[in-house]
*Asks:* 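Can you read through this structure? Questions will come right after.
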Protein chains: 2
Amino acid sequence: MDSRHTSREKLTDTLRAHGINPTHQRIEIAHALFSRQEHLSADQIMAIVNERHCETSKATVYNTLNLFVAKALIREVIVDPTRVFYDPNTEPHYHLYDVQSGRLTDVSSADVRISGLPDLPEGMVAEGMDVIIRVRPAI
Amino acid sequence: MDSRHTSREKLTDTLRAHGINPTHQRIEIAHALFSRQEHLSADQIMAIVNERHCETSKATVYNTLNLFVAKALIREVIVDPTRVFYDPNTEPHYHLYDVQSGRLTDVSSADVRISGLPDLPEGMVAEGMDVIIRVRPAI
DNA sequence: AGCCGGGCTGGACTGTGTCTAATGCAGCCC
DNA sequence: GGGCTGCATTAGACACAGTCCAGCCCGGCT
Ligand SMILES: [Mn+2]
Ligand SMILES: [Mn+2]
Ligand SMILES: [Zn+2]
Ligand SMILES: [Zn+2]
């Protein structure tokens, strides 16, 4: 398991490297995401951070997650209409979404080849491509 | 332009073919989606249907759209965290999403070749694959 | 006419996410 | 130390998509 981002000291450096002032709350929120390498909703992140005792407010959780996304430290995954998932993995990759359980799994994009995509409309630049494979338990 | 689904009579048949009892409200909602071949939110659909005079309630719009999705007459497109888009095109195809304007465009999947996807986890069946290319106006 | 069942509806409700106005706080200058 | 400045945090109000519920409507049947 990769522990690049798990210690608070390393996380502090990572935040600074992304132009983010490393406050206590921001470090704890980053830790929740980077220590587990999972896709979490804002709600889940807040529950994790405040597990022992209250460390941060709802407003700060949302402010921080939006800041992390703007600074490209994490990314959003839009797959469930009721909530956004936050992904600490910013490498290009795709997702497997279990519609039954709501579990979201990474799919390496290394081996995937996509060809035949049309040219973009004039004056448009691609910002990224999301590939989501929706699966469900058989019967 | 394909007018298979635009007349109320044809829509009535289409609804029946999908096991949906064709009421006035359901026909109007289907008409809003199939006459324009666009991706519309529930809100937009309700505005269209009630444009001349009030014909349907919010509850019915949502009930109907969920019924249409369950009966595979239309499909949802999850691309914007604030609202669901409904797509009258159920043929396999991908989407181009202009994050600036919120406009959603179809991309034919006929020419696209995707290879190297991993095997699905044991006991899982694919329900579909969403491909969304996020674009924005250059500078 | 009376019953039945599906469909429709206003309005209450839920849950995410945003906004605002107040407070805290750390660094700086005097 | 005391004031200033700017950013971060916060509680709570708010916005808003979507759901739920309980009652009504209405067409078909007997
Ligand atoms: Mn990084
Ligand atoms: Mn069809
Ligand atoms: Zn991921
Ligand atoms: Zn489409």
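These numbers were taken from a predicted model, which means no experiment stands behind them.
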*Asks:* Thinking salt bridges, do B/Lys10 and B/Asp13 make one under a 4.0 Å N-O criterion?
*Replies:*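 No, this pair does not count.
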*Asks:* Of all the choices, C/dT18, D/dT10, D/dT19, which nucleotide is nearest to the side chain of A/Asn66 once you look at every atom?
*Replies:*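 For the A/Asn66 side chain, the nearest candidate turns out to be C/dT18.
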*Asks:* Without decimals, in angstroms, what is the distance between A/Ile45 CD1 and C/dG17 P?
*Replies:*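 In whole Å, C/dG17 P lies 10 Å from A/Ile45 CD1.
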*Asks:* Can you measure B/Gln44 atom CD to D/dC16 atom P for me and round it to whole angstrom units?
*Replies:*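 After rounding, the reported distance stands at 15 Å.
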*Asks:* Closest nucleotide of DNA chain C for B/Lys58 versus for B/Glu55: which of these residues is on the 5' side?
*Replies:*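 Final value for this comparison: B/Glu55.
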*Asks:* Base, sugar-phosphate, or nothing: which does A/Asn21 touch, judged by heavy atoms less than 4.0 Å apart?
*Replies:*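 Answer is sugar-phosphate: A/Asn21 comes under 4.0 Å of backbone atoms only.
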*Asks:* Which residues in residues 76-87 of chain B have at least one heavy atom lying under 4.0 Å from any atom of DNA chain D?
*Replies:*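 Close to the strand are B/Thr82, B/Arg83, B/Val84.
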*Asks:* Of all the heavy-atom pairs spanning B/Tyr86 and B/Ile74, show the shortest one and how long it is.
*Replies:*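 Answer, listing the atom of B/Tyr86 first, then B/Ile74: CD2-CD1, 3.8 Å.
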*Asks:* At less than 4.0 Å, is any side-chain N or O atom of A/Tyr62 found next to OP1 or OP2 of C/dG17? Yes or no.
*Replies:*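 Yes, within the criterion.
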*Asks:* In whole angstrom, give the distance that lies between atom NZ of A/Lys71 and atom C1' of D/dC7.
*Replies:*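 In whole Å, D/dC7 C1' and A/Lys71 NZ are 13 Å from each other.
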*Asks:* Out of C/dC8, D/dA8, D/dT10, which nucleotide sits closest to the side chain of A/Gln25?
*Replies:*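 That would be D/dT10.
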*Asks:* To the nearest angstrom, how far is B/His24 atom NE2 from C/dC8 atom C1'?
*Replies:*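 Value for this atom pair: 12 Å.
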*Asks:* Can you check whether A/Arg103's main-chain N or O pairs, donor with acceptor, with A/Asp98's side chain at less than 3.5 Å?
*Replies:*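 Looks like no, no N/O pair under 3.5 Å.
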*Asks:* Answer yes if B/Ile133 and B/Val77 sit in the same cluster of Ile, Leu, Val, Met, Phe, Trp and Tyr residues linked by side chain heavy atoms under 4.5 Å apart, and no otherwise.
*Replies:*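 No.
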*Asks:* For B/Met46 and D/dC16, what is the distance between atoms CE and P respectively, to the nearest whole Å?
*Replies:*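 So the CE-P distance, B/Met46 to D/dC16, works out to 15 Å.
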*Asks:* What does the inter-axis angle of the helix from C/dA1-D/dT30 to C/dC30-D/dG1 come out as, five pairs per end, nearest 10 degrees?
*Replies:*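 The angle separating the two end axes equals 10°.
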*Asks:* Does B/Ser41 have a side-chain nitrogen or oxygen under 4.0 Å from the phosphate oxygens OP1 or OP2 of D/dA17?
*Replies:*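 Answer is no, no contact under 4.0 Å.
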*Asks:* Measure the distance from CD1 on B/Ile27 to C1' on C/dG7 and round it to the nearest whole Å.
*Replies:*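 Nearest whole value for this atom pair: 13 Å.
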*Asks:* Taking all atoms of both residues into account, what is the closest heavy-atom pair of B/Glu38 and B/Pro88, and its distance?
*Replies:*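 Taking every non-hydrogen atom into account, O-CD, 3.3 Å.
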*Asks:* Are side-chain N/O atoms of B/Gln44 and B/Ser41 paired as donor and acceptor at under 3.5 Å?
*Replies:*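 Indeed, the side chains of B/Gln44 and B/Ser41 share at least one donor-acceptor pair under 3.5 Å.
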*Asks:* Would you please name every residue forming a salt bridge (charged side-chain N to carboxylate O under 4.0 Å, His left out) with B/Asp130, sequence neighbours left out?
*Replies:*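 So B/Asp130 forms a salt bridge (charged side-chain N to carboxylate O under 4.0 Å, His left out) with A/Arg134, B/Arg75.
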*Asks:* Within the distance-only criterion (no hydrogens, no angle test), does the side chain of A/Ser109 pair as donor or acceptor with the backbone N or O of A/Pro92 below 3.5 angstrom?
*Replies:*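 Present.
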*Asks:* Measure the acute angle between the ring planes of A/His93 and A/His39, then classify it against the limits of 30° and 60° as parallel, tilted or perpendicular.
*Replies:*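 Rings of A/His93 and A/His39: tilted, 30 to 60°.
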*Asks:* In whole angstrom, what separates A/Asn63's CG from C/dT16's C1'?
*Replies:*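 Distance check: A/Asn63 CG to C/dT16 C1' gives 14 Å.
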*Asks:* In sequence, state the C-alpha distance, the side-chain angles, and the governing distance for B/Val99 and A/Glu127, and then conclude on side chain to side chain contact (heavy atoms under 4.5 Å, CB included).
*Replies:* CA-CA 9 Å; B/Val99 296; A/Glu127 200 178 60; 3.9 Å; yes
*Asks:* In whole Å, I'd like the distance from the CG atom of B/Asp43 to the P atom of D/dT19.
*Replies:*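 Spelled out: CG on B/Asp43 to P on D/dT19 is 13 Å.
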*Asks:* Has A/Thr60 got a side-chain N or O lying under 4.0 Å from the OP1 or OP2 atom of D/dT9?
*Replies:*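 A/Thr60 to D/dT9 OP1/OP2: no side-chain N or O under 4.0 Å.
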